[in-house]
Each structure stands twice: as structure tokens, then as C-alpha cells.
Participant: 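Before we start, here is the structure in question, set down as C-alpha cells.
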Amino acid sequence: MKLATWNVNSLNVRLPQVLDWLAANPVDVLALQELKLTDDKFPFQDFAAAGYLAESFGQKTYNGVALLSRAPLQAVVRNIPGFEDEMARVISATVNGVRVIGAYFPNGQEPGSDKFAYKMRWLAALREWVRGELVQHPRLVLMGDYNITFDDLDVWDPVGLKETIHCTTEERTHLQALIALGLHDSVRLFPQPERNYSWWDYRNMAFRRKQGLRIDHILISDALKAVATACAVDPTPRKNERPSDHAPVVLELQL
DNA sequence: ATGCCTCAGCTCCTGAGA
């Protein structure tokens, strides 16, 4: 079973690239973030023609997440139950006995801002919800755009970006609290290339200069760690014309 | 440098992203 996550930064603009990528990388499940469209505009037919069922949780202009799957998506849940949120950020479903959570974590903008405070509240709510989900679903994947780096290895300029957004101690403490629930950073389970990032700024030719951050992650439970055989970022779509600023991350399980 | 690029929208500028 192969699973992937990709922040597409507008599914309307990126649909042809997503279809091309799926044709070349026929994963079983793909979690999408930043759809930037409403469910009535979601291209269900295009994905069906490519062999994928889909569950969408969109909204106008911002945010929006979806799960694509070759097998049926069961027990679909939208957002974090019990956490009031106007933004469409989370969609979950069970596929072939694996609980899959696709999430678009808040950006946070700047430490000390209202948006940063919202990010902290959201992270706390996510953690308490996932704690219970892990009890019910030992085979669990939590993947998406986390908007948080684990450590300096995930940052192209750890000195210049010290304690800036995505790199603060407060955000990283929340990320480690997710790990403490019994989750594992799939990418780090396997050897990786140097400067292994998942996002590059559109400005300054950041991709060409390898100036990026690893902020898109696939966290897996103990039961899935035992059967994980590969996990890596696929930077090739970032070389497309009009690319997303994020690249997909792909996990392979031997189930 | 409150800058650089990209996207959506009450679209020819602004807000947000990261």
C-alpha cells in the first residue's frame, strides 16, 4: 500500500499536474491540501476517470482538503470533532483497515500573532483527538502540510531562520507531543538525500538554490512503522511549469 | 526590505501563504 500527501496550492490550477503525477505514481491514497475551492467545484469525474474515489472538504478561497483512494473511503470525518473551526483543514477515512488523516495545519504567520495563538490551540485540539483515534485505530497515518519543521536538518538556513515561523520551539514542542503519542516521522526511518525539503519559496529561485523547508510530514503509528518499507519526498513536480510550492511525500507499507 | 512569487476575488489591488 502506497500513501502520499501533497499541498497543491489551488486544485483548480494544479489538477493537470495531480493527474499526471498519479499516472506516474499510482499510489493507493493521496491526501491533498489547499484546494482553494468549494466541494461543488471539486473534480470528482476527473479523478474517477483516473481510477480514484474522492472525499472532499473544501471552502472558498482558502484551505480545503481531500482524500483520493482506489479503495472505498469509510467512516469519513471532517475537521477535529469538538473543535469549533470555520476553516476546512482535516479529513479522515478508513481505507483497507488503515485510518488515514489528511491535515492542513495552520500557518501561524508570526510568533505572537493571533494566527499563531490559533495554531497553538489547533495543535492542542488535534493532539487530544488523535490520542483517542490511536486507541481505536492502531493502524493510523497522520499526514499533510504540518507547517512545522522538526529540527535544523529540516531548515535550509537554521541560523537565519532561528525561532521564526515553522521553526519556533513552541511549534516544535507541539510536534514532539504528537510523536509522544506513539507516532513516527516516516521520512526519518529511511536514508535521505542532503537538503531534503518539501517546500520552497516561489521567490528568489529558492528551489534551484535548494533553499527549502521540510514541513510536509507523514506520521505513522507503531503498528505501521513495523511494516513501513520506504518514505521519501518526490521533488520532481516542483520542476513543472507553474508548480505548487510544495512537493509530494510518499510512504510505502508492506501490508 | 513592510521587498522578491503565486493564487483568489466584490480582480488592475489586497490578503494570505510560508
Participant: Phosphate oxygens OP1/OP2 of B:dA18: is one of them under 4.0 Å from a side-chain N or O of A:N147?
Facilitator: yes
Participant: If you check the A:K115 side chain, which of B:dG17, B:dA8, B:dT6 turns out closest?
Facilitator: B:dG17
Participant: Would you classify A:N107 as touching base, sugar-phosphate or nothing, given that sugar-phosphate means primed atoms plus P, OP1 and OP2, and contacts are heavy atoms under 4.0 Å?
Facilitator: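 Base contact - A:N107 has a heavy atom under 4.0 Å of at least one base atom.
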Participant: Taking the nucleotide of DNA chain B with the nearest heavy atom to each, does A:H166 or A:L11 sit closer to the 5' end?
Facilitator: A:L11
Participant: Name the closest nucleotide to the A:Y62 side chain, picking from B:dA18, B:dA16, B:dG9.
Facilitator: B:dA16
Participant: Within the 4.0 Å heavy-atom criterion, would you say A:D145 contacts the bases, only the backbone, or no part of the nucleic acid?
Facilitator: sugar-phosphate
Participant: Using a cut-off of less than 4.0 Å, is there contact between a side-chain N or O of A:T61 and OP1 or OP2 of B:dA16?
Facilitator: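 Checking B:dA16 against A:T61, no side-chain N or O comes under 4.0 Å of OP1 or OP2.
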Participant: Check whether any side-chain N or O of A:N63 sits under 4.0 Å from OP1 or OP2 of B:dA16, and answer yes or no.
Facilitator: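 No, no such contact exists.
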Participant: Could you say whether A:E34 or A:R203 is positioned toward the 5' end of DNA chain B, judged by the nucleotide with the nearest heavy atom to each?
Facilitator: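 Looking at the nearest nucleotide for each, A:R203 comes out on the 5' side.
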Participant: Could you see if A:L175 belongs to whatever hydrophobic cluster contains A:I101? Use Ile, Leu, Val, Met, Phe, Trp, Tyr and a side-chain cutoff under 4.5 Å.
Facilitator: yes
Participant: Please pick, from B:dC4, B:dG17, B:dG9, the nucleotide with the shortest atom-to-atom distance to any side-chain atom of A:Q109.
Facilitator: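 Of B:dC4, B:dG17, B:dG9, B:dG17 is nearest to the side chain of A:Q109.
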Participant: Are A:R14 and B:dC7 close enough that a side-chain N or O sits under 4.0 Å from OP1 or OP2?
Facilitator: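 It does, given that an N or O in the side chain of A:R14 lies less than 4.0 Å from OP1 or OP2 of B:dC7.
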Participant: Which part of the nucleic acid, if any, lies within reach of A:D216 when heavy atoms closer than 4.0 Å are counted: base, sugar-phosphate only, or nothing?
Facilitator: nothing
Participant: For A:D39 and A:S56, does a side-chain donor sit closer than 3.5 Å to a side-chain acceptor?
Facilitator: yes
Participant: Across the strands shown, which category fits A:Y146 at heavy-atom distances under 4.0 angstrom: base, sugar-phosphate, nothing?
Facilitator: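 Result for A:Y146 = nothing.
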Participant: Are A:F207 and A:Y197 connected, step by step, through hydrophobic side chains (Ile, Leu, Val, Met, Phe, Trp, Tyr) whose heavy atoms are closer than 4.5 Å?
Facilitator: yes
Participant: Looking only at the side chain of A:K60 (C-beta and beyond, no hydrogens), which of the listed nucleotides B:dG9, B:dC5, B:dG17 gets closest?
Facilitator: B:dG9
Participant: When the C1' atoms of B:dC5 and B:dC10 are compared, how many Å lie between them, rounded to an integer?
Facilitator: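 It comes out at 24 Å once rounded to the nearest Å.
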Participant: Answer yes or no: does a side-chain N or O of A:R242 lie under 4.0 Å from OP1 or OP2 of B:dC7?
Facilitator: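 Indeed, a polar side-chain atom of A:R242 lies that close.
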Participant: With sugar-phosphate meaning primed atoms plus P, OP1 and OP2, does A:L37 contact a base, only sugar-phosphate, or nothing at under 4.0 Å between heavy atoms?
Facilitator: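 Nothing, no heavy atom under 4.0 Å.
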